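Note that this is a predicted model, so its numbers are computed, not measured. Only heavy atoms go into these numbers, but all of them, side chains included; no hydrogens, no water, no symmetry mates.
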Amino acid sequence: LFGTNATVGATTVITGSAAVTTTARCFYVVVDIGAGAADAQTLEASIASIANVTVGTDTISGTPSIAGTTTLSAPSVIISGTIYANETPTAYNCSTGNVTVRVAKNGTLSQSVLCTAAGGTYTLPGVTGAVAGDVFTVFIDDATASKQASLVTKVNDGTTDLTLNLYQQRVIVRNENGVATTNTNMGAYDSANNANIKFTESAGALTIAAANKLIVWTGDTFTPGGTVSTTASGTAGNPDGDLTIQTGATLDMGTNALAIGGDFLNSGTFTYGSGQTTTFTATATGHTIEDGTNNFHHLVLNGVNGGWTTQSDITTAGDTTITAGTLTNGAFTFTSPNIAVAGGLTNNGTVTVSTSLSGAGTFTNGTTGTLNIGFATAPTITTLTATASGNTVNYTALGFNCKVTSYHHLILSGGSSPTCSVTSVAGDLTVNGTGLLTTTSSITVGGTTTVGNGRTLSNGSAFTFISPTITAIGTGQFTNSGI
């Protein structure tokens, strides 16, 4: 080896000599690449101008040279994936409509590529200088709303390549490093930087643009640390305003408000703090609420002409308020301490309310509906419609007071001298519990009156009690002081 150490500039020549023996001699160049080197710079190295070599009495003449060129490659993250038109998924055909995919790192635009493949595949040039936790914002930069897509994630390191599929009209929240993504992360590069990014973060609040759906990616966690709102949908059946928590994913709202403009599908975990409010704001019917195995604290439905149907059991720790629109409980259990209805609530499953049922709206018990009322005072809701054939209303509190309206099946299972001035039961009347229940009005029962064990049903004086069949079970009895 010959020559001395030198700092290489644009071109540096190192000269020297070395003794050659009968042992083979290898000549090479060692280059230590410093921190100032940049990705894609070219390095050329050569061993040239070799003079005559004398071996013993023989001389080998000539000027051979050895040369090589290499391109420097800094550590980088290469992002590739497929663009999908929907979640079916159907790949977007870039060959008939080229789109540009870009990536920003920590708020600075980094790389871009034009997608031209029929299968919607893309590969971005490597993003250099990344470290664990850096925020990558990947998006389709196209002015056509139906082609746009946005994705935010946090990388695990600066060298692991990523497969990030993009779904048009969807905003996807991910994290590759196992640390929850926040609204602040979302705001690193948003619509304020490029109008084709379909979300905006401002003062800790995240808003998803119209015609877009928010997805928390499978296995990942989104802890906003502020409010989250999707835009109110005026048409069911498209991604506008929808929110999906995929399998294994977690949306942790804490005490921050959540506004969902479309459908809600929770296949993962939805968590909330005490007092948190989730509001549904759609302005068209046909929307769905599937809460999986999780619940809500306060639940509000407030969309003029909005209509939602439950797709799972729902329990609220706090209040349920229907300010505008109609909620239909499917064949599920809906449990809430307080239900206030200014719009409409239709029950085709089981609704249990333990503290109050109020409001100027209408509660309709459908043919398969069961309404369990667990508080003593009479419900103050303006309209309770419970006449559909087959539906049941059950008063369960001690000393309950019935709402005076017409019923189909009516169960009075609370005790301690209740008050019930109901006059019409088209189906069956069942009186359970213990103690005495005395009628305070005339009543007509279309089906069977059953008095449970330990209960006494007494028809008060001057009242008429009409029922085709009266059955007493065990020590239950019916007494008549009226007509």
Side-chain angles (χ1 to χ4, degrees), residues 77 79 100-112 124 127 129-143 145 148-156 158 162 164 166-217 220-232 239-246 249-261 270-273 276-279 281:
V77 178
I79 300 170
T100 299
V101 180
R102 302 189 193 279
V103 59
K105 182 189 75 173
N106 294 335
T108 301
L109 198 61
S110 177
Q111 300 285 7
S112 63
L124 283 159
V127 179
V131 297
D134 279 353
V135 177
F136 280 22
T137 305
V138 184
F139 62 100
I140 295 176
D141 191 5
D142 193 282
Q148 295 163 350
S150 307
L151 181 152
V152 176
T153 192
K154 296 198 293 188
V155 299
N156 193 47
L162 300 176
L164 301 178
L166 299 174
Y167 294 79
Q168 291 172 331
Q169 294 184 273
R170 276 78 172 171
V171 175
I172 296 175
V173 181
R174 299 180 51 147
N175 40 77
E176 318 305 315
N177 64 342
V179 178
T181 301
T182 67
N183 282 358
T184 299
N185 299 145
M186 301 290 288
Y189 202 86
D190 64 3
S191 63
N193 302 101
N194 187 309
N196 294 326
I197 296 175
K198 306 319 294 178
F199 61 86
T200 303
E201 186 274 338
S202 178
L206 178 69
T207 302
I208 306 301
N212 281 263
K213 175 180 185 176
L214 175 61
I215 298 175
V216 184
W217 196 252
D220 296 333
T221 300
F222 180 29
T223 304
T227 63
V228 174
S229 301
T230 65
T231 304
D240 190 13
D242 294 350
L243 169 58
T244 292
I245 306 171
Q246 293 188 338
T250 298
L251 172 59
D252 182 1
M253 287 304 304
T255 59
N256 299 291
L258 170 64
I260 302 173
F270 173 66
T271 60
Y272 55 85
Q276 188 272 339
T277 298
T278 298
T279 303
T281 62

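Here the CD1 atom belonging to Ile140 is positioned 12.0 Å from the NZ atom belonging to Lys198, to the nearest 0.5 angstrom. A distance of 4.0 Å separates CH2 of Trp217 from OH of Tyr167, quoted to the nearest 0.5 Å. Between atom OG1 of residue Thr231 and atom NZ of residue Lys213 there is a gap of 15.0 Å, rounded to the nearest 0.5 Å. The distance from atom CD of Gln111 to atom CG of Leu124, rounded to the nearest 0.5 Å, is 7.0 Å. How far CD1 of Ile215 is from OG1 of Thr244: 6.0 Å, rounded to the nearest 0.5 Å. With values rounded to the nearest 0.5 angstrom, Leu214 atom CG is found 11.0 Å from Ser150 atom OG.
The shortest heavy-atom contact between Pro239 and Ala211 is CG-O, 4.2 Å. Between Phe199 and Met186, the shortest heavy-atom contact is CE1-O, 3.0 Å. The two residues Ala145 and Gln169 make their nearest non-hydrogen contact at O-CG, 3.9 Å. The two residues Asn193 and Ala188 come nearest to each other via the heavy atoms OD1-O, 4.1 Å. In terms of heavy-atom proximity, Pro224 sits nearest to Asp252 at CD-O, 3.2 Å. Smallest separation of non-hydrogen atoms from Ile245 and Thr250: CG2-N, 4.2 Å.
Shown here are the side-chain hydrogen bond (donor to acceptor under 3.5 Å, both in side chains) partners of Thr182, two or more places apart in sequence or in another chain: Asn185. Partners of Glu201 according to the salt bridge (charged side-chain N to carboxylate O under 4.0 Å, His left out) rule, which considers only residues two or more places apart in sequence or in another chain, do not exist here. With sequence neighbours excluded, no residue forms a side-chain hydrogen bond (donor to acceptor under 3.5 Å, both in side chains) with Thr184.
Panel note: side chain Lys154, backbone Ala180; a donor-acceptor pair is recorded below 3.5 Å. Although no hydrogens or angles enter the test, the distance criterion places no donor-acceptor pair under 3.5 Å between the side chain of Asn177 and the main chain of Asn156. Using a distance-only test at 3.5 Å, with no hydrogens or angles considered, a donor-acceptor pair links the side chain of Asn183 to the main chain of Thr227. Using modelled atom types, one side-chain atom of Asn175 and one backbone atom of Thr221 make a donor-acceptor pair closer than 3.5 Å. Put simply, the side chain of Asp134 never gets that close to the backbone of Ala132: no donor and acceptor are under 3.5 Å apart. Of the possible polar contacts, one joining the Thr230 side chain to the Gly261 backbone as a donor-acceptor pair under 3.5 Å is found. Between the Gln148 side chain and the Ile197 main chain, no donor and acceptor come within less than 3.5 Å of each other. Within the 3.5 Å criterion, the main-chain N or O of Arg174 finds a donor-acceptor partner in the side chain of Thr181.
The side-chain heavy atoms of Phe136 and Leu164, taken from C-beta on, include no pair separated by under 4.5 Å. With contacts defined as side-chain heavy-atom distances shorter than 4.5 Å, the pair Phe222/Leu206 qualifies. Within the 4.5 Å cutoff, the side chain of Asp220 has no heavy atoms near those of the Thr153 side chain. Side-chain contact between Leu243 and Leu258 is present, with heavy atoms from C-beta onward closer than 4.5 Å. Residues Val152 and Tyr189 fail the side-chain proximity criterion, which asks for heavy atoms closer than 4.5 Å.
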_Please evaluate residues Thr100 and Ser112 with respect to the criterion side-chain hydrogen bond (donor to acceptor under 3.5 Å, both in side chains), reporting the C-alpha separation (whole Å), side-chain torsions for both, the decisive distance (0.1 Å), and the verdict._
CA-CA 7 Å; Thr100 299; Ser112 63; over 6 Å; no
*Given side-chain hydrogen bond (donor to acceptor under 3.5 Å, both in side chains), test Thr278 with Gln276 step by step and report yes or no.*
CA-CA 7 Å; Thr278 298; Gln276 188 272 339; 3.2 Å; yes
*Take Val138 and Val101 through the side-chain contact (heavy atoms from CB on, under 4.5 Å) test and state the conclusion after the steps.*
CA-CA 7 Å; Val138 184; Val101 180; 3.9 Å; yes
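Screening Asn194, Asp141, Thr137 for a side-chain hydrogen bond (donor to acceptor under 3.5 Å, both in side chains) involving Arg102 leaves a single residue, Asp141.
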